[in-house]
Amino acid sequence: MQNEIRVRFAPSPTGYLHVGGLRTALYNFLYARKTGGKFLLRIEDTDRNRYVEGAIENLISALQLCGIDYDEGPEKEGEVGPYLQSARTEIYQKYIKILLEKDAAYHCFCSSEDLDKMRQQQKEQGLDPRYDGRCRKLSQQEVEKRIAAGESYVIREKTPETGEITFYDIVRDKVTIPWETVDDQILMKSDGFPTYHLANVIDDHLMKITHVIRGEEWLSSVPKHLFLYQALSWKPPKLAHLPLLLNEDKSKLSKRQNDVAVEDYLQKGYLPEALINFIALLGWHPAKDKEIYSLEELKKEFSLKRISKAGAVFNVEKLDWMNGQYLRNLSLDRIAEAAKPFFAEAGLDTSNTEKYKKVIDLVRGRVHTLQQIPNAAIVFYQQPQLDAAKQEVADKESSQQVYKFWLEKLPNLDIDSSKQINTAIKEISQETGVKGKNLYMPLRVALYGDFHGPEIPELIQILGKDETLARVEKLLK
RNA sequence: GUCCCGUUCGUCUAGUGGUAAGGACUCAGGAUUUUCAUUCCUGCAACAGGGGUUCGACUCCCCUACGGGACGCCA
């Protein structure tokens, strides 16, 4: 068990699950499943200003919907909990003390205003905005005095001022960063809560995390983290920084340009199966040239070594195609179930299960999202409205003739037999002399309300004999 | 601005010194379909640029350009 792989997804509860976060969670999850390791969920809720009611539940349910379950986490306590950072503050206090003792951290009494001013000045002078270390050299006595006087303070990391650090990343290989460009990061805020950097390192260690798989935006803070591991004499985990998910213009995927919440995509009618498949292939590629992967298959195929380095544009067109694939190939029951909320939203009644399933089966191959299904299905629940062009077709003499013959023949047909229906159509053609477009268009207009659409027998089989007769009759002059 | 990371068809990508640079989405054309959708076939389309190294570079090294990320008492 010593060598068991342990990974984690550590989101902050900002209200929704970001698709980038979903991918990070997915890769962690897949790696754990592939290797027989453990996947933990840890909530990074150390910023009480950003706390959002219900966000944690939301996060968990979004993961669940996508088939990602965790082995340890909130509501699933393991041995290294609690899994909410807000419940771990004493732990951080303890290690801050150690860091202070080891001279790896120091008190800083600069106020936010001081810092803002400092950065402003640095900017004006064309310097890089970073902490100038003015509290770094405060004497022990002075620190104690100012604390006693009730001054508010933060704890900063005392990173080296010279030299450089080199570390290995599974995705990027060797990365070297000069220490002089690494800021004295705040580890503990004046409210006593840790920042990400502190909490993250401590928790990863205490939770025995072996691999940190996270977004590339963290790559430049790695030295700050490694410094802490070193100061505490801890062995750092292996690192894998994932390429970013991008907008069309190649900037980091953002709300301004895209839907970013998993729930947005679900609400738009993308199946979780499709979303997962799509996102898995954004920044990772299996050894084979295959595109459609179930979660089970991904668990078998996944490998950190095949993660790519460059950012990936979130291309909705391909998602649409992929969702279409899932719409067609998943079981009818699954799709029927998934489409229900969309019917409810459209005010369509699904209580006639037999009819509902027939409708879904007919329509699912013609759309790309669940959301488009009700619109394509509505004619099976309501009389189609004909616009002028369609009415004109219905009014044509040849159409009227076709309708007349239909009303005669239909009552005697077994409509479950597509063959009988097709035969009848041929007979009508012979009897009326109408054929091709003029034969089929009026029928489709009458039954479906459009020039283009499903085949006539399928339409009749869903509508039933009575409704079919009624719709044709209605157009007869 | 500084540091870091990146760069193969429009997009997602395969490729690891010798390939006609492969697949997928999109798009175009065709076949099937009474129509539409589906499906199938065909086609268009890429190694950012410049130097090296090498018998030989998409693959290795350097420089340039471009793109992105990080520089918060946010994560």
Side-chain angles (χ1 to χ4, degrees), chain A residues 10-14 21 44-47 49-50 85 108 110-112 115-116 119 122-123 126-131 152-156 164 169 171-173 175-178 180-183 185-197 199-200 214-223 241 243-244 246 248-252 278 281-292 306 308-322 324 328 362-368 376 422 425-426 429 435-441 443-444 448 450-456:
Chain A
S12 61
T14 53
E44 311 231 327
D45 56 346
T46 55
D47 184 1
N49 298 321
R50 293 218 299 182
Q85 289 186 329
C108 170
C110 300
S111 67
S112 300
L115 296 172
D116 284 345
R119 289 191 197 101
Q122 287 169 332
K123 231 178 170 180
L127 296 169
D128 303 332
R130 42 185 264 108
Y131 184 60
S152 107
Y153 63 88
V154 301
I155 310 288
R156 282 182 187 273
E164 56 184 32
D169 182 275
V171 176
R172 282 152 222 286
D173 206 45
V175 179
T176 300
I177 295 174
E180 56 181 337
T181 67
V182 179
D183 216 343
Q185 182 63 47
I186 291 180
L187 298 175
M188 186 159 286
K189 305 174 233 179
S190 55
D191 63 4
F193 275 80
T195 58
Y196 170 88
H197 305 278
N200 194 262
R214 77 236 292 187
E216 192 192 325
E217 67 265 31
W218 293 112
L219 191 61
S220 43
S221 355
V222 168
H241 286 89
L244 260 18
L246 272 26
E248 210 67 43
D249 67 359
K250 304 261 188 185
S251 57
K252 188 173 163 182
F278 175 66
L281 263 25
L282 249 34
W284 174 82
H285 197 272
K288 303 169 228 163
D289 265 334
K290 193 180 132 170
E291 302 280 334
I292 304 296
R306 296 192 64 85
S308 34
K309 299 182 202 302
V313 173
F314 193 97
N315 178 214
V316 182
E317 271 175 355
K318 189 148 185 180
L319 211 209
D320 278 337
W321 167 78
M322 197 167 270
R328 287 167 188 77
L362 177 65
V363 160
R364 65 163 161 169
R366 318 179 68 84
V367 296
H368 289 108
N422 283 322
I425 295 175
K426 274 181 200 131
S429 177
K435 52 190 172 182
K437 229 185 201 174
N438 292 331
L439 179 64
Y440 288 92
M441 281 302 183
L443 284 174
R444 191 169 288 106
Y448 193 68
D450 202 348
F451 297 131
H452 307 297
E455 294 178 23
I456 305 294

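Computation of the quantities below employed the complete heavy-atom set of this structure, encompassing side-chain atoms and omitting hydrogens, waters and symmetry-equivalent molecules. Protein chains get the first letters and strands the later ones, always in sequence-line order, with residue 1 at the start of each.
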Problem set entry | A/Arg444 side chain vs A/Pro454 backbone, donor-acceptor pair below 3.5 Å | yes

Exercise. Roughly how far apart, to the nearest Å, are B/C5 and B/A46 at atom C1'?
Worked result: 22 Å

Problem set entry | Residue list, side-chain contact (heavy atoms from CB on, under 4.5 Å) with A/Ser251, at least two apart or on another chain | A/Asn247, A/Asp249, A/Gln257

Problem set entry | Strand partner of B/U32, provided both Watson-Crick or wobble distances fall under 3.5 Å | none

Problem set entry | Gap in Å between the two C1' atoms, one belonging to B/A45 and one to B/A21, rounded | 13 Å

For this session: Output all residues satisfying ring-ring contact (aromatic ring centres under 6.0 Å, His included) with A/His368, sequence neighbours left out; order by chain, then residue number.
Result: none

Problem set entry | d(CD, A/Glu217; P, B/C3) in whole Å | 22 Å

Problem set entry | Separation of the P atoms in B/U32 and B/A37, to the nearest angstrom | 15 Å

Pairs: protein N or O with nucleotides 6-12 of chain B N or O, under 3.5 Å:
residue: B/C12; atom: OP1; partner: A/Val313; partner atom: N; Å: 3.0
residue: B/C12; atom: O2'; partner: A/Leu281; partner atom: O; Å: 3.0

Problem set entry | Counterpart base for B/C4, defined by Watson-Crick or G-U wobble contacts under 3.5 Å | B/G68

Problem set entry | d(CG, A/Leu244; P, B/G69) in whole Å | 7 Å

Exercise. Between A/Pro286 and A/Asn422, who's closer to the 5' end of RNA chain B by nearest nucleotide?
Worked result: A/Pro286

For this session: Establish, with yes or no, whether the OP1 or OP2 oxygen of B/G1 is under 4.0 angstrom from a side-chain nitrogen or oxygen of A/Arg119.
Result: no

For this session: Have a look at A/Pro178 and say if it touches a base, only the backbone sugar-phosphate, or nothing, with a 4.0 Å heavy-atom cut-off.
Result: sugar-phosphate

Exercise. Applying a 3.5 Å limit to both distances, which nucleotide forms a Watson-Crick or G-U wobble pair with B/C60?
Worked result: B/G52

Problem set entry | Of the listed nucleotides B/G1, B/A75, B/C4, the one nearest the side chain of A/Asp128 | B/G1

Problem set entry | Enclosure of A/Glu248 CD (heavy-atom neighbours >12, cutoff 6.0 Å) | no

Problem set entry | Euclidean distance, atom NZ of residue A/Lys437 to atom C1' of B/U33 [Å, nearest integer] | 15 Å

Exercise. When only distance counts, do a donor and an acceptor, one from the side chain of A/Ser190 and one from the base of B/C73, lie under 3.5 Å apart?
Worked result: yes

Exercise. What's the CD1-P distance between A/Ile155 and B/C73, to the nearest Å?
Worked result: 14 Å

Exercise. Side chains of A/Val175 and A/His241: does their closest heavy-atom pair fall under 4.5 Å?
Worked result: no

For this session: Can you figure out which of B/C3, B/A75, B/U34 approaches the side chain of A/Ile177 most closely?
Result: B/C3

Exercise. Paired with B/C27 by Watson-Crick or G-U wobble geometry, both distances under 3.5 Å: which nucleotide is it?
Worked result: B/G43

For this session: Using the P atom on both, measure B/G18 against B/A75 and round to a whole Å.
Result: 48 Å

Problem set entry | A/Lys189 atom NZ: more than 12 heavy-atom contacts under 6.0 Å | yes

For this session: Pick base, sugar-phosphate or nothing for A/Pro454, based on heavy-atom distances below 4.0 Å to the nucleic acid.
Result: base

For this session: For nucleotides B/U38 and B/A48, find the distance between their P atoms and express it as a whole number of Å.
Result: 34 Å

Seminar exercise, completed: Those residues at least two apart in sequence (or on a different chain) that pass ring-ring contact (aromatic ring centres under 6.0 Å, His included) with A/Phe193 are none

Exercise. With a 4.0 Å cut-off on heavy atoms, is A/Thr46 in touch with a base, just the backbone sugar-phosphate, or nothing at all?
Worked result: sugar-phosphate

Exercise. Going by heavy atoms in the side chains, are A/Ser12 and A/Tyr196 under 4.5 Å from each other?
Worked result: no

Problem set entry | Any A/Lys288 side-chain nitrogen or oxygen under 4.0 Å from OP1 or OP2 of B/A24 | no

For this session: Starting from P on B/A14, measure out to CZ on A/Arg306 and report it in whole angstrom.
Result: 7 Å

Identify all pairs in which a protein N or O lies below 3.5 Å from an N or O of nucleotides 38-48 of chain B, and state each distance.
residue: B/U39; atom: OP1; partner: A/Gln325; partner atom: NE2; Å: 3.2

For this session: Return the set of residues passing ring-ring contact (aromatic ring centres under 6.0 Å, His included) with A/Trp321 (not counting sequence neighbours), or none when no residue passes.
Result: none

Seminar exercise, completed: 5'-most contact on RNA chain B (nearest-nucleotide basis), A/Ser251 vs A/Arg130, goes to A/Ser251

For this session: Check the distance between B/U35's P and A/Ile425's CD1 and give it to me in whole angstrom.
Result: 13 Å

For this session: Rounded to the nearest angstrom, tell me the gap between atom CD in A/Gln185 and atom C1' in B/C71.
Result: 10 Å

For this session: For B/C61 versus B/U7, give the span between their P atoms, rounded off to a whole number of Å.
Result: 12 Å

For this session: Report yes or no: does A/Lys250 contribute a side-chain atom to a donor-acceptor pair with the main-chain N or O of A/Gly311 at less than 3.5 Å?
Result: no

Problem set entry | Whole-angstrom distance between B/C9 and B/U2, as gauged at atom P | 29 Å

Exercise. Heavy-atom count around A/Lys437 NZ within 6.0 Å, excluding the residue itself: above 12?
Worked result: no

Problem set entry | B/U34 OP1/OP2 closer than 4.0 Å to side-chain N/O of A/Lys426 | no

Exercise. Counting side-chain heavy atoms from C-beta on, which of B/U35, B/A75, B/G1 comes nearest to A/Glu455?
Worked result: B/U35

Exercise. Could you give the NZ-to-C1' distance, from A/Lys123 to B/G72, as a whole number of Å?
Worked result: 12 Å

For this session: In whole angstrom, give me the gap between the C1' atoms of B/U35 and B/U42.
Result: 24 Å

For this session: Mind checking A/Thr14 for me? I need base, sugar-phosphate or nothing, with any heavy atom below 4.0 Å counting as a touch.
Result: nothing

Exercise. Taking A/Ser308 for the side chain and A/Gly283 for the main chain, is one N or O donor matched with an acceptor at less than 3.5 Å?
Worked result: yes

Problem set entry | Watson-Crick or G-U wobble mate for B/C9, both contacts under 3.5 Å | none

